[in-house]
Every structure is written in structure tokens, then in C-alpha cells.
Amino acid sequence: MLKDLFTKNTVKKKKYATIPTEAAKSDVPEGIMTKCPSCKTIMYTKELNKNLKVCLHCGYHFAMNAKERIISFLDEDSFIEIDENMVSENPLNFPDYLEKVEKDRQKTKINEAVVTGSGSVNGNKVVLAIMDSTFRMGSMGSVVGEKITRAIEKADEMSVPFIIFTASGGARMQEGVLSLMQMAKTSVALKRFSENGGLIISIMTHPTTGGVSASFASLGDYNFAEPGALIGFAGRRVIEQSIREELPEDFQTAEFLLKHGQLDAIITRPDLVDKITNLLEIHQPGGELEW
Amino acid sequence: MVGELEFERPVVQLRNKIAELKEFTKTADVDLSSEIEKLELRLEKLEKDIYNNIKPWDRVQIARHPNRPTTLDYISNLFDGFFECHGDRTFGDDEAIVGGVAKFRGLPVTVIGHQRGKDTKENIRRNFGMPHPEGYRKALRLMKQADKFNRPIICFIDTKGAYPGKAAEERGQSEAIARNLFEMAGLKVPVICIVIGEGGSGGALALGVGNRMYMLENSTYSVISPEGAAAILWKDSALAKKAAESMKITAPDLKELGIIDDIIPEIKGGAHKDVKGQSEAIDNFLKKSLKELLELSEEELIADRYNRFRTIGEYSFIKDYIKI
């Protein structure tokens, strides 16, 4: 037959699957260029950083560490850190815990998963706490709870607003029930501050979950979030297992929370300083009606 | 006996054997009294050995025992004229939390607690004692009411945790828990919290910001269930027993960590063996702590609660910190 004259033009099946290396997967030279995980556009890292780590094409918000946050949010050189020398103990004698903390300290170049201090936003004095998810997933142990509590007390003492940027996977397992109690500690401190008339602004960034979302992150007089941030109490997988149904794509995103009445607003990073300044000015004491 | 747990099996076996022998001597014409006496002495020693050395994992089993007394059991034994109030006035009534007003030895109080079911049908209705946001909001509503009428608040904690569900997230599980922590801090009345079974994570803490914290001897209180901890730490929930040991979740552990005020002793082998007796033990602690707390002014009560949580946590300071 005619078709037998032709050799079969099928591709020879590979016997082994090849796994592309991490570098090949990203297709982008390390450092100079960054690929947006959302729209896959490749852009200059420098340009991205200049745009506050927000994708120039689709608006995807890349994670920001504490230092980048301070630089982008506060007036230049206004930040004065407090309790920078506070570090974790190992109250439950959990194996390898302090080694892991030390490793993250060296890797992230911060001392714990939250950085606290005072500064100003367009001249408005504030005390702020900035969580950093690169350090132990931003998990809350005794140090995180204590630093945040001290920052709240500092705001109370200075009679200035308290602003918190949250980013946390939740409680720090290795400190067990002491981690859980940090939720209560920070909350009783916020209550006292609030009773004294203090202004609390919470800005939830990706991710804000578990014990952090179920304490100070949700206790702002204003609760904001960055676009696309994952915010919720229970983990998606746990929920899927417990209710045995697929969850919507946008489940536990900032947009989902806004839709369900849990947020005052979603604020994009380029708008943040202006919008917070606006709020801080509205809350300045002694506003008077101009005739 | 029903519902014996594995760790106490040797005791049960020996006790059964003694009973058998006693039965046997009644019918047969042999005197075994000296043997029985010996065995009874051995039983006594064995009971002491086993019940005085209950391992963390065994306590978890006792805390989860299907017959373990629930909030409503203690309410009916400890209070008079309990009047249950339903609903959060916003969304619905969550039966995983019960609450209402009652009298404790003549004193009007508000009682709130997680409520598990006794059988499958009730457990489905009560969602196995795992609350949704409306449960916490109902609890808060009742606390605010207690605050208004100057009634002390007693909370019974008994939950695996807040319910991990889609609807719970949509209605703000996080906010509901956080709000309770925040508002409980400001209550002007005495708040006494007693962990009676499992104290699971934020779902437990949402009823747990009190002036006094007690735990029944075989109850647990933890940041996450042992299964959950094992899954996160070692990616294997089968290591729950190991997690129960390393996470420090038992009443003696929490006493040592300075988180609870005292351990309420349990009936030998667990509260489920004698609800009335267990209620009496709780009664003593309630009486004592209420007496102390009723002496305090509103400001002192708030300050007392603040200080108790303010001081929890371990940390230190170093010289060679990293400059940001």
C-alpha cells in the first residue's frame, strides 16, 4: 500500500521525563530581570523596585520585606527602631528551634519576624509594626507578641496612631500555647490603647492568616489590605478537607474579604502613602470648622 | 465498663479478675480471701501507678472521651435557674456555643461555654462544638449584657477549635475571635474561665480572656491540635502522640508555664466517671475565685486581666543585633 512507503512520522517517545532546573523554569537571568508570577511579563528588576514592587503590567503586588516597607512608607530617615535587640528563647525546649531562628536571622538580616519603631508619614508622627514573612513565615511567638505590644504601648505613651502591616502564617508552633497567648496579649494592649482614644490602622499584606488574622490584624479602627493578599483564619486545605467541596478561586483574598464586608478598603501600594496621610490628617486633634 | 481507655486497661483487667474471683468464692466452697486481698492491694498500687502518671497522649484521649461531661452537664449541676439565651442578633444562633443567665449559690451570673453533642445527631446540630462567627458574637453579646447588669461571667472552654469552613470565613471568623479577645479585655465584671475538655486554639481563646484561668486535670489547651501540629511540623499527622508530648498542652504543663492559675483535680480516671463529684470540685474553685474577684473594683478587674496576659511570653535581649 501507498502509505507503507512512508515512514511513520511520530515523535519518538522519551523514556524519561526531564525536570527543568529552577533557573531554566524562570527563564530569566537571576537578579537583572524579574518575571511576574501573575501575568508572566518579564521586566527589569530595577524598574519593578522603583514601582514599589508592583508589576508594571498587571498590578500584581510582590512581597515586600520590612526594610523595603519602611523606605517606601515613611518619610526619609524618620524611622527609629525600638526593641531591635529582642530575640526568642526556647520555652518548650523544642528541638532545633533556636537554630532555625538564628538561620533566618542571618538569611533575612532582621532580628525577628516583626520590626517596630516610630516614624512619620508626610510629617504625621506614628508608631508602627511591620511584619516580615521571610522570617519564619512571619509567625508569631513571644518576641513578635511582645514587640507589637510594646509598640502599642509606645503609641499610647506618645499619643500617636498605631499602624501595623501584617504578614504572617499564624502562630509559631515551636512556642506552643505561649504563641496562642500572644493573641490575647496584643488584643488587651490594643483595647487599652483604644480606650485611651488611640487610632489603630491595620494594613494586611500577603499572607495574613491564623492567629495573626484572628487578633490585631482584624482590630483596626480601619482595616485595609493590599490587592490579592491572602487573608483568613483557617487554611484553604483544611477547609476543603472539612467541608469536602471546592472553594472559589478568590476565596480568602483581599477582594473576597472586601465583598464580604470584612475590610474598609483595598489600597494599592502606589496609593498607600496618600490615603493613609489623608486618614491621619482627618484624625489630627483639634479640627475646626472653617467659616 | 463502657468507654475504658487503653492506658487504664491493666487496671480494668485486674478489677474484673477480682470481681470474678469474688463471684466464684460465693458459689464454690473454697476460701480465696487471702488471694483476693493480695490482688486488691496490687490493684491499689496499680491504680496509683497508672492514674498518677497519665501521659499527655492519654490525657488527650480522656479530654476527648465521648462521655466526658459537657458545659450543659456542669451548668445543671452547678447553677440554679439557668435560662438559655439564643442568637447573635445579626445572623443566627450557633448551637456550638451555649450561654445564658443563672444563679451560682444565690449570685446572679452569666454562663457561656462551648457545647459538644452527646451523640451523632446532637453533634451534627452542635457542629461537634466547633463554633462559627455567630457563636462568638452570641457569646460577646451575652458578656456585654453581663457587663451592663454587673454579673460575673463564667466560661467553660471545650472545643477542638473554631470551625474551618467556607461560611465561617465569609462571615469573618478571624474578626469574631479577635473582637472577643479585645472586648473581653474591657469587661468591668469578674471573668472566670475553665477548660473542661479540649482547648483548641483561637476558638478556645475567644472565650478565654479571664481574670482566672483553671483547667481540669485531664483537659488540654493548645495552639493547634496534636494532629495539626504533627502535620505542620513533621508533615505526618500520625505523629500526633509525639506532638502532644512536645507541645506542652496538658494542665500540669500550662501550670508550669504560668498560664493557668490552678489545676482542678479530676475524679480518678477522668471526669466522666462521676459528673456530680467533678462538679463539686469545680464548685470549690468557683466559690473561692468569685469571693476574691468580687472584692476588686472595675478598674482593678480590668488591670488584673491586662497584667495576666501582658506578662505571658519568653524572650531575651542580645548585644549583637542586626541593624536594619
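Everything numeric here is computed off the predicted structure, so don't read it as measured data. A note on names: the letters A, B, ... follow the listed sequences, proteins ahead of strands, and every chain is numbered from 1.
Contact tally against chain B (heavy-atom pairs below 4.5 Å) for A:Ile239, A:Asn85, A:Val177, A:Ile70: the top residue is A:Asn85. Among the candidates A:Met173, A:Arg236, A:Lys67, A:Glu146, the residue making the largest number of heavy-atom pairs closer than 4.5 Å to chain B is A:Glu146. When each of A:Arg192, A:Met183, A:Gln241 is scored by its heavy-atom pairs under 4.5 Å with chain B, the top score falls to A:Arg192. Between chain B and the residues A:Lys109, A:Glu112, A:Glu195, A:Lys259, the most heavy-atom pairs under 4.5 angstrom are made by A:Lys109. No other option in A:Leu190, A:Asn223, A:Thr209 has as many heavy-atom pairs under 4.5 Å with chain B as A:Leu190. Interface check for chain B: of the options A:Gly211, A:Ser215, A:Ser88, the most heavy-atom pairs under 4.5 Å are formed by A:Ser215.
Of the atoms belonging to B:Arg171, it is backbone heavy atoms, and not side-chain ones, that fall under 4.5 Å from chain A. Residue A:Val115 touches chain B through its side chain alone, counting heavy-atom pairs closer than 4.5 Å. The contact between B:Leu233 and chain A is made entirely by side chain atoms (from C-beta outward), counting heavy-atom distances below 4.5 Å. For B:Ile249, no part lies near chain A; criterion is any non-hydrogen pair under 4.5 Å. At a 4.5 Å heavy-atom cutoff, the contact between B:Ser222 and chain A is made by backbone atoms alone. Heavy-atom distances place both the backbone and the side chain of A:Arg105 under 4.5 Å from chain B. Contacts of A:Glu153 with chain B are made by side-chain atoms alone, with heavy-atom separations under 4.5 Å and no backbone atom involved. Proximity to chain A is limited to the side chain of B:Ile259, based on heavy atoms less than 4.5 angstrom apart. For chain B, the nearby part of A:Phe256 is the side chain; its heavy atoms alone come within less than 4.5 Å. Heavy atoms closer than 4.5 Å to chain B are found in the side chain of A:Gln174, but not in its backbone.
Here the straight-line distance linking atom CZ of B:Phe182 with atom CD1 of A:Ile200 works out to 5.0 Å at 0.5 Å rounding. Atom OG1 of A:Thr186 sits about 7.5 Å away from atom CG of B:Leu181, to the nearest 0.5 Å. Between B:Ser174 atom OG and A:Leu257 atom CG the span is 8.0 Å, to the nearest 0.5 Å. Here the NZ atom belonging to A:Lys191 is positioned 15.0 Å from the CZ atom belonging to B:Phe309, to the nearest 0.5 angstrom.
The shortest heavy-atom contact between A:Ala184 and B:Val209 is CB-CG2, 4.3 Å. The shortest heavy-atom contact between A:Ala234 and B:Glu169 is N-OE2, 2.9 Å.
Looking only at atom types and distance, the side chain of B:Ser316 has a donor-acceptor partner in the side chain of A:Glu89 under 3.5 Å away. Looking only at atom types and distance, the side chain of B:Glu175 has no donor-acceptor partner in the side chain of A:Gln262 under 3.5 Å away.
Under a 3.5 Å cut-off, the side chain of A:Ser142 and the backbone N or O of B:Gly313 do not form any donor-acceptor pair. A:Glu84 contributes no side-chain N or O that, together with a main-chain N or O of B:Lys323, makes up a donor-acceptor pair within less than 3.5 Å. A:Asn111 places a side-chain N or O within donor-acceptor distance of the main-chain N or O of B:Ile322, the cut-off being under 3.5 Å. Between the side chain of A:Lys185 and the backbone N or O of B:Ile312 there is at least one donor-acceptor pair closer than 3.5 Å. Side-chain atoms of B:Lys248 come within 3.5 Å of backbone atoms of A:Leu92 as a donor-acceptor pair (strictly under, hydrogens ignored).
Contact annotation: the side chain of A:Arg172 never approaches that of B:Val223 to less than 4.5 Å [non-hydrogen atoms, C-beta and beyond].
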